[in-house]
Novice: 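Let me give you the structure first, and then I'll get to my questions.
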Amino acid sequence: MWAHLGALLTITAGSIFCGLGGFLGWIVPLSIRSNARHKHDPYVRHHATQALNFGVAQAVVATLGVLLYFGSAITFAAADGSGSSDAPPGLAVPLVTIMVIMAAYAVSGLVCAIIGTVKANKCEPWSYPRLIAWPLSKG
């Protein structure tokens, strides 16, 4: 439960306060998974691995989102060529599209992290959907 909750709180609170939460959500699950005390507990390792995969996927998607956002902003600003200080009218479409996609991914990831936390608290197995947490690390 603490692995899911740690990833969830790191991503949400870190994103609200300093903006780095999406990049750091893998740290708590990795520390729980790597703890020698949990080395022989398959239940804890399963949930910590699932939360670790969630945190890594969130970090990769956050990085891609930032790169796409600034890349499209630079591309469309350079293509404007008008020389005025106002933003070009076509700039808003790709930027808003990237923001909506990133927001939808973040909300669906948070919902799945809450489900994972509840399932772990009830001692039930849980695996994230492959779109939200890529199975990079196995058990």
Side-chain angles (χ1 to χ4, degrees):
M1 177 185 82
W2 290 110
H4 294 289
L5 194 58
L8 176 68
L9 290 176
T10 301
I11 290 171
T12 55
S15 296
I16 290 170
F17 293 121
C18 69
L20 294 176
F23 302 103
L24 304 175
W26 53 271
I27 294 174
V28 173
L30 181 65
S31 65
I32 290 173
R33 186 177 183 270
S34 300
N35 192 345
R37 185 173 45 173
H38 304 301
K39 191 173 212 172
H40 301 292
D41 189 356
Y43 175 75
V44 173
R45 288 188 58 83
H46 168 75
H47 279 285
T49 301
Q50 291 297 317
L52 176 65
N53 289 337
F54 168 68
V56 169
Q58 290 289 324
V60 169
V61 169
T63 303
L64 288 175
V66 167
L67 290 175
L68 282 172
Y69 183 82
F70 287 117
S72 64
I74 291 169
T75 300
F76 284 100
D80 178 36
S82 66
S84 67
S85 62
D86 295 332
L91 181 62
V93 174
L95 296 181
V96 170
T97 303
I98 292 169
M99 288 174 25
V100 167
I101 291 171
M102 293 301 295
Y105 188 81
V107 168
S108 61
L110 294 178
V111 167
C112 288
I114 291 169
I115 293 171
T117 303
V118 171
K119 292 278 191 174
N121 197 25
K122 292 180 180 179
C123 297
E124 298 175 3
W126 164 256
S127 294
Y128 286 91
R130 291 190 187 266
L131 179 65
I132 302 300
W134 306 317
L136 302 173
S137 177
K138 301 279 182 186

Novice: Please report the shortest heavy-atom distance between G71 and T75, naming the atom on each side.
Specialist: O-OG1, 2.7 Å

Novice: Work out which heavy atom in Q50 is nearest to a heavy atom in A133; give both atom names and the distance.
Specialist: O-CB, 4.4 Å

Novice: Show the numbers, then the answer: is there a side chain to side chain contact (heavy atoms under 4.5 Å, CB included) between N53 and W134?
Specialist: CA-CA 6 Å; N53 289 337; W134 306 317; over 6 Å; no

Novice: State whether the side chain of H46 and the backbone N or O of W126 hold a donor-acceptor pair below 3.5 Å, judged by distance alone.
Specialist: yes

Novice: Nearest 0.5 angstrom please: S31 OG to W26 CH2, how far?
Specialist: 10.0 Å

Novice: Return the minimal non-hydrogen interatomic distance between M102 and V61, and the atom names on each side.
Specialist: CE-O, 3.2 Å

Novice: Linking I/L/V/M/F/W/Y whenever their side-chain heavy atoms sit closer than 4.5 Å, directly or via other members, would M99 and L67 fall into one cluster?
Specialist: no

Novice: Sort and list the pairs that fulfil salt bridge (Lys or Arg N to Asp or Glu O under 4.0 Å) and have at least one residue in residues 93-121, not counting sequence neighbours.
Specialist: K119-E124

Novice: Looking at OH of Y69 and OG1 of T97, how far apart are the two atoms once the value is rounded to the nearest 0.5 Å?
Specialist: 11.5 Å

Novice: If I compare all heavy atoms of I132 with all of A57, which pair ends up nearest, and what's the gap?
Specialist: O-CB, 3.3 Å

Novice: Please check if F70 and I101 belong to a single hydrophobic cluster, counting links between Ile, Leu, Val, Met, Phe, Trp and Tyr side chain heavy atoms closer than 4.5 Å.
Specialist: no

Novice: Can you list the steps and then say if Q58 with Y105 is a side chain to side chain contact (heavy atoms under 4.5 Å, CB included)?
Specialist: CA-CA 9 Å; Q58 290 289 324; Y105 188 81; 3.3 Å; yes

Novice: Mind listing the closest non-hydrogen atom pair of P29 and L52 along with its distance?
Specialist: CB-N, 3.5 Å

Novice: If only atom types and distance count, is the side chain of Y43 paired as donor or acceptor with the main-chain N or O of P125 below 3.5 Å?
Specialist: no

Novice: Could you give the distance from CD1 (I27) to CD1 (I32), rounded to the nearest 0.5 Å?
Specialist: 12.5 Å

Novice: What's the separation between atom NE2 in H47 and atom OG in S127, rounded to the nearest 0.5 Å?
Specialist: 8.0 Å

